[in-house]
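Below is one structure, written out as structure tokens; the observations come after it.
Note that the coordinates shown come from a computational prediction; the quantities given were computed from them, not determined experimentally. Hydrogens, waters and symmetry mates are skipped; everything else that's a heavy atom, side chains included, is used.
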Amino acid sequence: QVRLIESGGGFVQTGGSLRLSCAVSGDTFRRLTVGWFRRAPGKEREFVAAVRANGGTTHYADSVKGRFTISRDNAKNTVYLQMNNLKPEDTAVYYCTAARRVPISTRYGDYDYWGQGTQVTVSS
């Protein structure tokens, strides 16, 4: 069974930074595309960022481009999301996710595994 466990969420002021981590177990991590989605109160879950299995290709939502950086450490089976210059509209539950069958995707349905989520709150 594949497990994804997020950590690193919290409360931060506008302009601050947080780094989310997601530890993945139960599958061959280096073969998985991994990424992050988020869901703000009253909104649908939306794509944030993803990185291919080889680590060389990343993709970001326009709303976070230039502020967030996704990376992976295949030796530690962990994916990270560095979030800088945070804004109140970044407030959401952030979910780590992994896919076995696609090189990279922004679509919710393409991902096979999900973490429980970690709350990020940005105050104005």
Tell me if a side-chain donor or acceptor on [X] pairs with a main-chain N or O of [Y] at a distance below 3.5 Å.
X	Y	result
Ser21	Tyr80	no
Tyr60	Ile70	yes
Asp112	Arg100	yes
Arg67	Asn85	yes
Thr58	Ala50	no
Thr33	Val102	yes
Glu6	Cys96	yes

Shared ILVMFWY cluster between [X] and [Y], side chains joined below 4.5 angstrom?
X	Y	result
Val24	Tyr111	no
Val48	Leu32	yes
Val51	Val2	yes
Leu4	Phe37	no

Please round to the nearest 0.5 Å and tell me the distance separating atom [atom1] of [X] and atom [atom2] of [Y].
X	Y	atom1	atom2	value
Phe47	Trp36	CZ	CH2	12.5 Å
Met83	Thr69	CE	OG1	11.0 Å
Ile5	Thr118	CD1	OG1	12.0 Å

Heavy-atom pair of closest approach, residues [X] and [Y]:
X	Y	result
Asp110	Ala99	O-CB, 3.5 Å
Ala98	Val34	CB-CG1, 3.9 Å
Ser124	Pro88	CB-CG, 3.8 Å
Leu18	Val12	CD1-CG1, 4.1 Å
Thr91	Pro41	O-CD, 4.2 Å
Pro103	Arg52	O-CG, 2.8 Å

Does Gln116 have more than 12 heavy atoms from other residues, nucleotides or ligands lying within 6.0 Å of its CD? no
Answer yes or no on whether Arg72 is positioned over the face of Phe29, meaning its NZ or CZ is under 6.0 Å from the six-membered ring centre and within 45° of the axis. yes
Hey, what's the ring geometry for Phe68 with Tyr94, parallel, tilted or perpendicular (30° and 60° as the breaks)?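 Aromatic pair Phe68/Tyr94 classed tilted.
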Would you say the side chain of Trp114 lies within less than 4.5 Å of the side chain of Arg45, judging by non-hydrogen atoms? yes
A side-chain contact here means heavy atoms from C-beta on lying under 4.5 Å apart; do Asn77 and Ser25 qualify? no
Is there a side-chain hydrogen bond (donor to acceptor under 3.5 Å, both in side chains) between Arg39 and Tyr95? Walk through the geometry before answering. CA-CA 8 Å; Arg39 181 162 57 195; Tyr95 297 90; 3.3 Å; yes
State which residue, out of Val64, Val93, Val120, fulfils the side-chain contact (heavy atoms from CB on, under 4.5 Å) condition with Arg38.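 Among the candidates, only Val64 passes.
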Any ion pair linking Asp62 and Lys65 (charged N to carboxylate O, less than 4.0 Å)?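 Here Lys65 pairs with Asp62 in a salt bridge, since their nearest N and O are under 4.0 Å apart.
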